[in-house]
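Reviewing the structure listed below.
Position 1 is the first residue of the sequence; numbering continues from there.
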Amino acid sequence: MPSGWLRTSLRYLLIAMGAFVGLSILLVLVFRFVPVFGSMVMVERKVSSWFDGDNLAIEQQWEPWSRLSDNAKVAVMAGEDQRFPDHWGFDVSQIKRSITSWSDGGDLRGASTLSQQTARNLFLWTGRSWIRKGLEAWFTLLLEALWPKQRILEVYLNIAEWDTGVFGLEAAAQHYFGTSAANLSVSQASRLAAILPNPRGWSASRPSAHVQQRSAWIQRQMRNLGGIDFLQRLD
């Protein structure tokens, strides 16, 4: 009797795992081609506002690659993930540095690549847990295997959070500068990239001294990477 129950449980577990794998692959394949008008982080923010007695308005408008500022594309890579064109979803050297810093008594610094951030924002929830980390790694591998780098960055720029209720580059450009995502200058793009680590606490239009310093650093990194010519590395 116990062995029969065990076999049945194992069979259902394998069926559930197979269904999850198949569904996640299907979702990633679908989003490779169709515009992304939402994300799990947007859903989480909306539901959380309901529990707080509010009704958060979500601002987001999909813009294709051709209507996203090249300055913003390079600025985000310069600020968040300079090895993005070369890695397979995980920046091993950055992970090693983060672990070394932590083992020496420092804070455990984030080492998330743009691929990981896209996977997390699109499919998962915020917060820290080993379950979420495992799912993040799985979806990151799927994105890297099934999407070109350009598509990963395109989706990231369209779903990244830039302020409370403000998601995507078009909404952020309008919100902070009254312009479109296509027309962002180097200065504007670098300030938007500068606030990504803390988008609900920092402002791109009223930058603190820290944001200004980070923006200046990002502009230097953009020049060091070769400016918009760096985008050719995504081909």
Shared-cluster residues of F51, by chain and number - hydrophobic side chains joined below 4.5 Å: V43, V47, W50
Distance in Å, T140 OG1 paired with I152 CD1, rounded so as to fall on 0.5 Å steps: 8.5 Å
Note: R45-E59 ion pair, threshold 4.0 Å (strictly below): no
ring-ring contact (aromatic ring centres under 6.0 Å, His included): pairs with one or both residues in residues 139-196, sequence neighbours excluded: F123-F139
Close side-chain approach of E80 and P197, heavy atoms under 4.5 Å: yes
Exam field: side chain D81 to backbone L114, donor-acceptor pair closer than 3.5 Å: yes
Donor-acceptor side-chain pairing of Q117 and S112 below 3.5 angstrom: no
Note, D163 side chain near E161 side chain (heavy atom, < 4.5 Å): no
L169 side chain near L192 side chain, heavy-atom distance below 4.5 Å: yes
Closest contact, heavy atoms only, P207 versus A204: CD-O, 3.7 Å
Hphob cluster co-occupancy, I15 + M17, side-chain heavy atoms under 4.5 angstrom: no
Test salt bridge (Lys or Arg N to Asp or Glu O under 4.0 Å) applied to R233 - qualifying residues, sequence neighbours left out: D86
Shortest non-hydrogen contact between A160 and L196, atoms and distance: CB-CD2, 4.3 Å
Side chain Q116, main chain T113, donor-acceptor under 3.5 Å: yes
L13-V21 co-clustered via ILVMFWY side chain contacts under 4.5 Å: no
Residues that N224 engages under side chain to side chain donor-acceptor pair (under 3.5 Å), provided they are two or more places apart: none
I228, CD1: over 12 other non-hydrogen atoms inside 6.0 angstrom: no
Any L231 side-chain heavy atom under 4.5 Å of M77 side chain: yes
Whether S190 side chain and V186 backbone form a donor-acceptor pair below 3.5 Å: yes
CG/L14: more than 12 non-hydrogen atoms of other groups inside 6.0 Å: yes
Min side-chain heavy-atom separation H87-S115 under 4.5 Å: yes
Shared hydrophobic cluster for W88 and V28 (ILVMFWY, side-chain gaps under 4.5 Å): no
Derivation and outcome, side-chain contact (heavy atoms from CB on, under 4.5 Å), residues L122 and I159: CA-CA 7 Å; L122 184 56; I159 65 173; 3.9 Å; yes
Closest heavy-atom pair and its distance - A173, L184: CB-CD2, 3.8 Å
Pairwise side-chain contact, L135 with F20, heavy-atom cut-off 4.5 Å (strictly under): yes
Atom of G89, atom of K149 and distance for their closest heavy-atom approach: N-NZ, 4.5 Å
Donor on one side chain, acceptor on other, E44 and T126, under 3.5 Å: yes
Nearest atoms (heavy-atom pairs only) where R32 meets P148: NE-CD, 3.7 Å
N158 side chain reached by W65 side chain, heavy atoms, under 4.5 Å: no
Test item: K46 and M42 side chains (from C-beta on) under 4.5 Å apart, heavy atoms: no
Atom pair CD1/CZ of I218 and R223 - distance to nearest 0.5 Å: 12.0 Å
Interatomic distance, E170 atom CD to S69 atom OG [nearest 0.5 angstrom]: 11.0 Å
CH2 (W125) with more than 12 external heavy atoms under 6.0 Å: yes
Rounded distance (nearest 0.5 Å) linking atom CG of N55 with atom OG of S49: 5.5 Å
Sequence neighbours excluded - ring-ring contact (aromatic ring centres under 6.0 Å, His included) pairs with any residue from residues 202-235: W202-H210
Nearest atoms (heavy-atom pairs only) where L153 meets V76: CD1-CG1, 4.5 Å
Hydrophobic cluster membership, F33 vs L142, 4.5 Å side-chain cutoff: no
Spacing of CZ belonging to F90 relative to CG belonging to L141, to within rounding of 0.5 Å: 4.5 Å
Cluster check V155, L29: I/L/V/M/F/W/Y, side chain < 4.5 angstrom: yes
Distance, nearest 0.5 Å, that separates CG of L68 from CG of L157: 5.5 Å
Residues clustering with M40 (ILVMFWY side chains joined when closer than 4.5 Å, directly or via others): none
